[in-house]
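Worksheet for the structure shown next.
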Amino acid sequence: MTVAELRRRYDAVVYATGADADRALGVPGEELAGSTSATSFVKWYKAHPEAGPFDLTMTRNVVVVGAGTVALDVTRILLKDAGELQEADLAAPVLSMLQATR
């Protein structure tokens with residue numbers, strides 16, 4: 001469907017694409033190892049080709065800073081038991097890593 005068709009059929013068209021780039025928070029320590037952006041983490045658990053590796057096996061505590069849907073989704077992935085995520089559309093290596101975490 002084209003943009004013109006959408007405009008003809010609807011009173012409003014909302015493009016909700018989310019942020020396409022990370023934004024620094026300006027807090028001490030955000031550049032340290034173990035601190036990562038939601039974009040990087042989401043790319044990893046969605047098996048995006050540009051995703052870097054994540055090793056969560058030694059991770060004990062996590063803090064998610066944010067109140068949007070991405071923060072909630074990241075929190076859901078981190079809190080759910082890996083068995084509960086079997087039905088989610090996650091790549092096998094991601095599920096394996098999550099199963100190996102606390």
Side-chain angles (χ1 to χ4, degrees):
M1 188 174 277
T2 67
V3 172
E5 287 178 271
L6 289 170
R7 288 183 175 152
R8 272 195 316 273
R9 292 178 182 217
Y10 300 96
D11 295 324
V13 178
V14 178
Y15 296 94
T17 60
D20 63 346
D22 298 327
R23 187 178 73 180
L25 297 175
V27 297
E30 72 181 308
E31 76 286 348
L32 297 175
S35 177
T36 189
S37 70
T39 304
S40 297
F41 187 68
V42 170
K43 282 182 181 179
W44 171 74
Y45 75 72
K46 293 291 188 180
H48 191 280
E50 295 174 5
F54 273 85
D55 183 0
L56 302 173
T57 54
M58 299 303 291
T59 301
R60 295 184 139 192
N61 300 299
V62 175
V63 174
V64 177
V65 178
T69 55
V70 172
L72 294 173
D73 199 37
V74 166
T75 302
R76 178 183 63 87
I77 294 292
L78 290 170
L79 286 177
K80 282 200 172 210
D81 181 82
E84 294 176 288
L85 294 170
Q86 291 290 336
E87 300 300 317
D89 188 21
L90 296 177
V94 172
L95 280 172
S96 294
M97 174 62 67
L98 292 170
Q99 287 170 335
T101 64
R102 299 177 195 158

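Here, residue 1 is the first one in the sequence, and each next residue gets the next number. The analysis underlying the following values was restricted to heavy atoms, covering all of them including side chains, and did not include hydrogens, waters or symmetry mates. None of these values were measured; they are calculated from a predicted model.
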Any I77 side-chain heavy atom under 4.5 Å of V94 side chain: no
Spacing of OG1 belonging to T36 relative to CG belonging to D22, to within rounding of 0.5 Å: 7.5 Å
Separation of M58 CE from T101 OG1 (nearest 0.5 Å): 12.0 Å
Heavy-atom side-chain contact between L85 and R76 under 4.5 Å: yes
Cluster overlap V62 with M97, hydrophobic side-chain contacts below 4.5 Å: yes
Common cluster, V3/Y10, ILVMFWY with side-chain heavy-atom separation under 4.5 Å: yes
Side chain to side chain, F54 and T59, heavy atoms closer than 4.5 Å: no
ILVMFWY network linking V63 to L25, side-chain heavy atoms under 4.5 angstrom: yes
Atom CG of D89: over 12 foreign heavy atoms under 6.0 Å: no
Interatomic spacing from CG in L98 to CD in Q86 - rounded to 0.5 Å: 10.0 Å
Crowding at CD, E87 (>12 non-hydrogen neighbours, <6.0 Å): no
Within-4.5 Å side-chain heavy-atom neighbours: L56 and F41: yes
Donor-acceptor pair, side chain of S35 and main chain of E31, under 3.5 angstrom: no
Spacing of T39 atom OG1 and E50 atom CD [to the nearest 0.5 Å]: 11.0 Å
Close side-chain approach of Y45 to D73, heavy-atom, < 4.5 Å: yes
